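Below is one structure, written out as structure tokens; comments come after it.
Count residues from 1 along the sequence. All values reported here derive from a predicted model rather than from experimental measurement.
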Amino acid sequence: MGIPLLDRLFADPTRYVTRSVANHVNDISKKDPNLALDTLERWQSSGRRRPREMGYVIRHAARTLVRADHPRALGIVRSSLVEARQATGEDEE
């Protein structure tokens, strides 16, 4: 399904490329939600993207599943938001 190519491109510094990667993962999620979510979790734990940018990729890639209230997708999106806040120090008071 093109996952090996997406694995190489998801950390590209160009937003145009990462948006295309996220769009492709969103398309995959319509046919195989578990593959899409496994991929996003693997990317998230890889540390190859800063949390804020990884959060963007996750939110954009999981948008169809989030709209469908898919529990696992909602959890991944929530965790990416928490990571981004922690990385930027927004939770510290």
Side-chain angles (χ1 to χ4, degrees):
M1 275 198 190
I3 296 295
L5 178 60
L6 298 176
D7 283 341
R8 289 192 297 269
L9 295 175
F10 88 92
D12 191 279
T14 310
R15 178 57 64 100
Y16 177 81
V17 173
T18 54
R19 185 176 178 95
S20 293
V21 167
N23 282 333
H24 195 79
V25 174
N26 185 59
D27 291 341
I28 291 169
S29 77
K30 295 171 187 175
K31 291 187 178 191
D32 192 344
N34 287 324
L35 175 61
L37 295 172
D38 289 346
T39 300
L40 293 174
E41 286 177 329
R42 186 167 39 81
W43 290 350
Q44 187 177 23
S45 67
S46 75
R48 289 181 53 206
R49 298 285 301 174
R50 291 194 321 221
R52 184 174 176 180
E53 289 301 312
M54 191 68 238
Y56 168 80
V57 171
I58 289 171
R59 286 188 311 277
H60 197 67
R63 66 189 185 276
T64 298
L65 295 174
V66 167
R67 280 189 218 120
D69 288 329
H70 189 287
R72 186 171 165 211
L74 292 169
I76 293 169
V77 169
R78 268 190 224 108
S79 74
S80 74
L81 291 170
V82 168
E83 274 188 30
R85 282 190 198 116
Q86 289 173 346
T88 59
E90 290 180 22
D91 282 345
E92 297 175 10
E93 293 182 22

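With values rounded to the nearest 0.5 angstrom, E53 atom CD is found 6.5 Å from T18 atom OG1. The distance from atom CD1 of I3 to atom NE2 of H24, rounded to the nearest 0.5 Å, is 6.5 Å. The distance from the CZ atom of R49 to the CH2 atom of W43 is 10.5 Å, given to the nearest 0.5 Å. Taking OG of S79 as the start and CG of L74 as the end, the distance is 11.0 Å to the nearest 0.5 Å. Going from atom OG1 of T14 over to atom CG of L9 covers 10.0 Å, rounded to the nearest 0.5 Å.
Annotation: cation-pi geometry not satisfied between R42 and F10 (NZ/CZ under 6.0 angstrom from ring centroid, within 45° of ring axis).
Proximity of N23 to R19: side-chain heavy atoms (C-beta onward) are separated by under 4.5 Å at one or more points. Side-chain contact between P51 and Q86 is absent, with no heavy atoms from C-beta onward closer than 4.5 Å. In this structure, the side chains of L65 and I76 stay at 4.5 Å or more apart for every pair of heavy atoms. Side-chain contact between D38 and R72 is present, with heavy atoms from C-beta onward closer than 4.5 Å. Two residues are said to be in side-chain contact when any heavy atoms from C-beta on lie closer than 4.5 Å; N26 and S29 meet this criterion. Two residues are said to be in side-chain contact when any heavy atoms from C-beta on lie closer than 4.5 Å; L6 and V25 meet this criterion.
No donor-acceptor pair closer than 3.5 Å links the side chain of R52 to the backbone N or O of A84.
When all heavy atoms are compared, the tightest approach of R59 to V77 is CG-CG1, 3.9 Å. The shortest heavy-atom contact between A22 and H60 is CB-CD2, 3.6 Å. Looking at every heavy atom in both residues, P33 comes nearest to H70 through CB-NE2, 4.2 Å.
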side-chain contact (heavy atoms from CB on, under 4.5 Å) evaluation trace for I28 with T39: CA-CA 10 Å; I28 291 169; T39 300; over 6 Å; no

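In this structure, R48 places its CZ atom where more than 12 heavy-atom neighbours from other residues, nucleotides or ligands lie under 6.0 Å away.
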